[in-house]
There are 2 protein chains.
Amino acid sequence: MPSHSLFEHVSHGSLGNKIFDILRDRILNEEYEHGQKLNELALANELKISRTPIREALKQLELEGLVESIPNKGVYVKGFSPRDIDDMFEIRCALEGLAIQLAIDRMDEEHLAKIKDVFELMEFYTAKKDQEKINDLNILYHETIYQATQSQYFEQLLKDVHYYVSVTSRHSITQPERLETAIQEHRAILDSIVTGDKELAKKTIQKHIRKTQTLVRAYYANKKK
Amino acid sequence: MPSHSLFEHVSHGSLGNKIFDILRDRILNEEYEHGQKLNELALANELKISRTPIREALKQLELEGLVESIPNKGVYVKGFSPRDIDDMFEIRCALEGLAIQLAIDRMDEEHLAKIKDVFELMEFYTAKKDQEKINDLNILYHETIYQATQSQYFEQLLKDVHYYVSVTSRHSITQPERLETAIQEHRAILDSIVTGDKELAKKTIQKHIRKTQTLVRAYYANKKK
DNA sequence: CCTTTCACTATTGTATACAATTATACAAGA
DNA sequence: TCTTGTATAATTGTATACAATAGTGAAAGG
């Protein structure tokens with residue numbers, strides 16, 4: 001399970017986890033073609049390690065749904081279709097609506113402080129228009145909410161889904177004014193958390209997700225023509 | 001990824017996957033204590049195989065959230081608290097409500113036929129009061145709906161969550177009349193699928209899940225005293 | 001008597017060797 | 001020419017050997 005530190009996520013020690021991160025990034029950045037086979041030995045030679053950690057990473061990728069493993073044949077990259085991404089938005093919309101309500105019930109001072117910190121950093125980098133950092137902080141902002149649920153299932157499920165959506169659709173939103181509206185939406189979410197209004201929080205976060213979904217949809221609709 | 005055939009789910013060939021199934025069942029049946037360490041060599045000796053497939057299975061368990069892996073120390077079983085189970089019901093309620101609507105949109109004749117088949121078998125074994133088979137068919141019934149969404153994410157997420165809930169709470173419901181009400185609820189769900197009424201389908205399946213959740217909650221509430 | 005250090009053991013992490021399975025190529029026959 | 005069978009090569013699955021790290025306990029010093 002990759003753990004995200006403030007800006008870069010570094011998996012704990014083992015080689016297998018490092019390889020997982022590398023391969024996942026490659027897949028999400030579409031460096032491999034859809035359906036391409038990932039040869040264990042070739043990867044091992046390329047990365048100058050043995051097959052064992054490669055196999056670990058591939059197993060992990062398989063369970064995350066990024067590759068498909070056919071017994072005695074090999075693993076093949078799957079990639080994401082626009083519909084996959086849209087489905088993930090639907091999942092996020094439903095689960096985050098629940099998660100934020102749970103979070104409000106169960107969170108302690110530390111969680112709240114962390115969300116506030118992250119939000120302030122977002123404001124800072126939004127002013128600077130630093131797209132990279134904003135994107136990382138956006139992931140962190142939502143993950144902090146997931147953590148506050150203190151439910152391993154909400155946290156685990158949402159973390160992965162949100163991470164995939166973020167990475168795959170991070171180039172979909174081109175309007176510069178989105179930075180501004182996004183920070184306003186995150187502020188509204190934070191406000192509703194602080195006041196403890198669970199219904200409002202749910203509505204606010206779902207609205208935020210829908211907004212993003214709409215923009216990503218528009219991107220893919222335009223791309224087709 | 002374990003694939004369920006009609007009654008028993010058998011993972012494809014590799015030893016690692018077989019071991020995964022064995023260890024998962026042991027954890028879900030509480031044959032290991034919470035926090036107990038799983039020693040690789042001990043398991044390898046017990047099961048008369050090498051450490052390699054054991055490690056594969058453990059990695060898989062880790063990603064499913066059933067064990068926790070501490071680098072260079074080992075993996076420890078996590079188990080489920082009543083709150084974990086309740087959280088999973090919440091997740092199911094939200095996601096299955098969406099999934100059944102997607103399923104209605106995207107399903108083809110084969111999916112529909114399969115659901116009908118499974119339902120008829122459920123009726124058959126309900127008449128016979130064969131608790132074991134009913135439980136398996138219940139899992140299959142819901143999984144078939146997940147499949148019909150033709151969305152790997154809905155399918156993957158819901159399959160695991162539902163399986164865990166089913167296994168961990170399968171002894172929670174003791175009233176014999178639950179068999180009857182359950183089959184009625186499943187019939188209502190099927191009917192709404194057939195007529196293609198998405199809103200009704202959502203309401204019906206969520207009502208079904210809530211009903212089960214309430215019974216499981218009652219079980220744990222009684223257990224405490 | 002308690003604490004610290006250091007050596008030893010046990011266990012996990014990685015590499016490599018071997019077995020089993022699958023893909024490929026080429027030849028023989030229809 | 002197309003199919004089919006077989007041998008060979010390539011690749012995955014499993015076992016084992018080795019390396020690195022963490023745990024344990026006894027001896028030395030305070």
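Every chain is numbered from 1 and lettered A, B, ... according to where its sequence line falls, protein lines coming before strand lines.
By the salt bridge (Lys or Arg N to Asp or Glu O under 4.0 Å) test, B:Asp105 pairs with B:Lys198, sequence neighbours left out. For A:Tyr153, there are no side chain to side chain donor-acceptor pair (under 3.5 Å) partners two or more places apart in sequence or in a different chain. With sequence neighbours left out, B:Val75 forms a side-chain contact (heavy atoms from CB on, under 4.5 Å) with B:Leu38, B:Leu58, B:Val67, B:Ser69.
The shortest distance between the side-chain N/O atoms of B:Ser50 and the OP1/OP2 oxygens of D:dA15 is below 4.0 Å. Taking only side-chain nitrogens and oxygens, B:Lys73 never comes nearer than 4.0 Å to OP1 or OP2 of C:dT11. Within the structure, a side-chain polar atom (N or O) of A:Lys37 is placed less than 4.0 Å from OP1 or OP2 of D:dT12.
Ion pairing between a basic and an acidic side chain is recognised when a charged N comes within 4.0 Å of a carboxylate O; A:Arg26 and A:Glu46 show such pairing.
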Just do the side-chain contact (heavy atoms from CB on, under 4.5 Å) check on A:Leu41 and A:Arg51 with the steps written out, would you?
-> CA-CA 6 Å; A:Leu41 198 59; A:Arg51 278 174 54 216; 4.0 Å; yes
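Picking from D:dA15, C:dT12, C:dT14 the nucleotide with the shortest atom distance to the side chain of B:Asn72 gives C:dT12. Nearest to the side-chain atoms of B:Arg55 among the listed nucleotides C:dT21, C:dT14, D:dA15 stands C:dT14. Comparing D:dA15, D:dA22, C:dT14 by their closest approach to the side chain of A:Glu56 singles out C:dT14. In the set D:dA22, D:dG13, C:dT14, C:dT14 carries the atom at the smallest distance from any side-chain atom of A:Leu15.
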Report all interatomic pairs (protein N or O, nucleotide N or O of nucleotides 18-20 of chain D) with separations under 3.5 Å.
none

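Listed in residue order, the members of residues 38-47 of chain B having a heavy atom less than 4.0 Å from DNA chain C are B:Leu38, B:Asn39, B:Glu40.
Using a 4.0 Å heavy-atom criterion, one finds that B:Lys48 contacts no nucleic acid atom at all.
Summarising the geometry, atom CD belonging to A:Gln147 is positioned 11.0 Å from atom CD belonging to A:Glu110; distances are rounded to the nearest 0.5 Å.
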Donor-acceptor list for residues 78-85 of chain B side chains, cut-off 3.5 Å, not counting sequence neighbours:
from    : atom 1 : to       : atom 2 : distance (Å)
B:Lys78 : NZ     : A:Gln152 : OE1    : 3.0
B:Ser81 : OG     : B:Arg83  : N      : 3.4
B:Ser81 : OG     : B:Asp84  : N      : 3.1
B:Ser81 : OG     : B:Asp84  : OD2    : 3.3
B:Arg83 : NH2    : A:Gln150 : O      : 2.8
B:Asp84 : OD2    : B:Ser81  : N      : 3.1

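With hydrogens and angles ignored, the 3.5 Å screen pairs no side-chain donor or acceptor of A:Asn17 with any backbone N or O of A:Phe20.
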